[in-house]
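Every chain is numbered from 1 and lettered A, B, ... according to where its sequence line falls, protein lines coming before strand lines. All of these numbers come straight from a predicted model, not from anything done at the bench.
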Amino acid sequence: MTQASPAKNTDDTPTVDMKDIVALCKRRGFIFQASEIYGGLNGFWDYGPLGVELKNNIRDLWWKAMVTTPPIGPDGEPLQIVGLDSSIIQNPKTWVASGHVGGFSDPMVDCRQTKRRYRADHINILQPKDGEGHWLAVPQDDDEGISEKRLKKFGKGKSIGAFEATPLPEVNTSDYDKIIGPDASEPGTLTEPKEFNLMFETYVGATQSEDSKAYLRPETAQGIFLNYKNVLDSSRVRIPFGIAQIGKAYRNEVNPRNFVFRSREFEQMEMEWFCHPDDAKQWREFWIAERKRWWESIGIKSESMILREHDRDELSHYAKEGEGTLDIEYQFPFTYPGFGELEGIAHRCDYDLTQHQEHSGTKMQYIDPDDNQNRYIPHVIEPASGLTRAVLTVLCEAYTVDPDRPSGMYLNFKPSVAPKKAAILPLVAKDGMPELATKLYMDLREDMAVDLDIKQNIGKRYARQDEIGTPFCITIDSDTLQDQTVTIRHRNTMEQERISIDKVKEYLTEQLGQMA
RNA sequence: GCGGGUGUAGCUUAGUGGUAAAGCCCUAGCCUUCCAAGCUAGUUAUGUGGGUUCGAUUCCCAUCACCCGCUCCA
């Protein structure tokens with residue numbers, strides 16, 4: 001069967017409009033706005049009957065590719081990867097050690113005049129020692145001599161020696177009206193520092209106090225690092241090995257945007273690959289190739305993705321010393337003609353294990369079973385992607401406009417991710433056709449997710465199945481009553497073929513296997 | 001977080017300072033022999049909260065949500 005693929009435009013208009021995808025998701029029960037009847041909640045989404053099937057299918061394929069049947073390694077042996085399901089809430093010290101508590105609460109100030117935003121702890125305030133004149137906000141890290149230029153303009157002839165420098169966070173907010181912002185031309189334009197704590201806070205126990213404060217995990221990775229020793233001591237794995245986890249994570253995003261692409265509650269699929277520091281570079285390359293292949297296996301076309309190395313200055317705190325981070329990016333309709341992040345493959349070095357060793361006092365070093373003098377803290381290669389982001393990607397990729405069919409479009413899902421593999425449709429609801437269809441349905445449903453639909457005319461039912469991306473429709477008609485044959489309709493081509501009713505299961509199993 | 005835009009049924013659109021209209025969809029029944037046909041009946045809406053007014057979906061204010069741009073994205 002030929003795969004219809006939408007031709008990518010060469011101009012800057014994507015072939016699919018996000019509005020249509022969002023509307024389809026709501027109409028057919030893939031994704032709803034969370035708490036919609038109360039007006040919704042910015043950054044939260046619910047997965048409907050078909051959405052949860054799609055999400056579970058993608059989740060299961062990831063788990064199978066990582067844990068159940070991990071890839072074959074460079075030495076020809078299967079890799080060792082074990083699963084984990086850690087708690088969303090952990091001891092809050094976890095997030096101090098990981099750097100999230102310190103790094104996620106940078107106070108920011110906005111300038112009302114220039115609309116620019118600054119980190120408060122990166123700004124110094126030059127305060128005239130004689131108390132006369134304006135206070136000047138300048139960058140702390142002032143390589144370009146900005147302070148001098150600002151002084152010349154607003155310092156009323158005073159030299160730098162006539163000022164005292166104070167970090168902005170130490171300045172009383174009641175004095176903000178005297179301050180001229182770093183790029184402003186008049187005083188009093190800076191807002192009070194706002195805390196941008198991107199972790200959701202909660203309280204453990206029935207009484208709320210600072211002592212009982214805890215956090216919803218902003219990444220699943222830390223649960224893996226916390227259990228690194230437990231896994232090592234209980235499951236006979238040896239370096240190199242991986243621990244994989246799928247689960248919810250929470251980030252209080254400043255600005256959720258683009259449907260489920262950036263939401264405040266989302267689901268991650270992360271695997272931490274523990275290896276010898278000398279092998280980290282090689283394993284990073286291995287996982288980049290492996291992960292790209294996986295995305296292709298669930299139906300994402302190679303030409304819709306790019307691999308992008310992070311620039312030095314966008315590297316995370318944990319990746320600074322290593323081989324860096326590479327993103328696999330997808331050409332979403334809302335990033336077109338640009339790309340948006342699908343998965344990051346990061347070299348986290350020994351940052352996390354070292355941090356937890358220091359903060360917890362628990363030794364995290366690995367002792368080579370063949371040479372107990374060879375002790376080291378493993379380096380980590382982390383392929384981390386968003387499951388909910390994967391759902392969006394698969395939807396965007398599958399959405400295919402086709403004006404020549406009643407629905408005007410169809411979802412070109414790979415059968416492995418499709419919520420329904422086949423639909424069984426009696427041509428009309430009489431002459432014993434519904435009974436035959438029900439019998440076939442009862443047989444098939446033991447082996448695959450199938451739909452039985454008897455209502456309305458056949459065209460509407462085909463259209464409905466096209467909209468939810470069902471690869472095959474099996475139709476019972478009057479010939480079936482005579483010769484026990486049914487028609488199989490192929491979603492992408494709308495072509496039909498006739499086969500014996502008792503060959504249907506065999507046929508579908510073979511076809512679905514081939515197309516998976 | 002800033003600026004701009006939008007908000008009437010699941011969707012697309014009417015309309016009005018005084019009972020909110022239609023088509024499609026959906027549900028039930030009839031009909032229907034291969035791609036959203038037809039008939040009958042039915043469900044469903046002025047995002048939320050204030051204010052002005054005898055009366056607000058309409059005018060005003062606030063708020064929420066969504067979209068676009070900027071910002072942010074550990």
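The residue A:Lys430 sits close only to the backbone: its heavy atoms come under 4.0 Å of sugar-phosphate atoms, none of a base. Looking at heavy-atom distances under 4.0 Å, A:Arg28 makes contact with a base. Residue-level contact check: A:Asp477 touches the bases, meaning some heavy atom is under 4.0 Å from a base atom. Contact annotation for A:Ala429: base contact, defined as any heavy-atom pair under 4.0 Å involving a base atom. Residue contacts for A:Gln456: at a heavy-atom cut-off of 4.0 Å it reaches the sugar-phosphate backbone alone, with no base atom in range. As judged by a 4.0 angstrom heavy-atom cut-off over every strand, A:Phe259 is placed among residues touching the sugar-phosphate backbone only. Across all strands, A:Asp479 comes closer than 4.0 Å to no nucleic acid atom at all (heavy-atom distances). Contact annotation for A:Glu341: no contact, since no heavy-atom pair falls under 4.0 Å across all strands. Within 4.0 Å (heavy atoms only), A:Glu467 reaches at least one base atom of the nucleic acid. Note on A:Arg464: only backbone sugar-phosphate atoms sit closer than 4.0 angstrom, heavy atoms only; bases stay farther off.
Considering only side-chain atoms of A:Ser407, the nucleotide from B:C34, B:A36, B:C66 that sits closest is B:A36. For A:Lys455, whose side chain is taken as the heavy atoms from C-beta onward, the closest listed nucleotide among B:C34, B:A65, B:A28 is B:A28. Among the nucleotides B:U32, B:C34, B:C35, the one closest to any side-chain atom of A:Val428 is B:U32. Which of B:C34, B:C68, B:C66 sits closest to the side chain of A:Asn42 comes down to B:C66. Closest to the side chain of A:Gln33, out of B:A65, B:G1, B:U33, is B:A65. Comparing B:A36, B:G1, B:G29 by their closest approach to the side chain of A:Ala463 singles out B:A36. Listed nucleotides B:U71, B:A36, B:G10 differ in distance to A:Pro406; the shortest reach to its side chain belongs to B:A36.
Across the protein-nucleic acid pair, A:Met433 atom CE and B:C34 atom P stand 10 Å apart, rounded to whole Å. Protein atom CG of A:Leu24 is 12 Å distant from nucleotide atom C1' of B:C11, rounded to whole Å. In this entry the distance linking CD1 of A:Ile468 with C1' of B:C35 reads 16 Å, nearest Å. Separating the CZ atom of A:Arg461 from the P atom of B:C34 is a distance of 12 Å, rounded to the nearest angstrom. Whole-Å rounding puts the A:Glu495 CD to B:C35 P distance at 15 Å.
Contact between the side-chain N/O atoms of A:Lys460 and the OP1/OP2 oxygens of B:C35 is not found at any separation under 4.0 Å.
With both ends at atom C1', the span from B:G47 to B:G7 equals 7 Å, rounded to whole Å.
Taking the centre of each ring, A:Phe259 and A:Trp45 come in below the 6.0 Å mark. The aromatic ring centres of A:Phe200 and A:Tyr215 sit 6.0 Å or more apart. Ring centroid separation for the pair A:Phe339 and A:Phe332 does not come in under the 6.0 Å cut-off.
The base of B:C25 does not come close enough to the side chain of A:Arg27 for any donor and acceptor atom to sit less than 3.5 Å apart. Judged by atom type and distance alone, A:Glu253 does not reach the base of B:C72 through any side-chain donor-acceptor pair under 3.5 Å. One donor-acceptor pair, N or O on each side, does fall under 3.5 Å between the base of B:C34 and the side chain of A:Tyr462.
For NZ of A:Lys281, the number of neighbouring non-hydrogen atoms (other residues, nucleotides, ligands) closer than 6.0 Å is 12 at most. Sparse packing is recorded around NZ of A:Lys19, with 12 or fewer heavy atoms of other residues, nucleotides or ligands lying under 6.0 Å away.
Residue-to-nucleotide proximity on RNA chain B shows that, of A:Arg264 and A:Tyr250, the 5′-proximal contact is made by A:Arg264. Of the residues near RNA chain B, A:Arg498 and A:Asn252, the one whose nearest nucleotide (by heavy atom distance) lies more toward the 5' end is A:Arg498.
Searching all strands for a Watson-Crick or G-U wobble partner of B:U12 with both distances below 3.5 Å returns B:A22.
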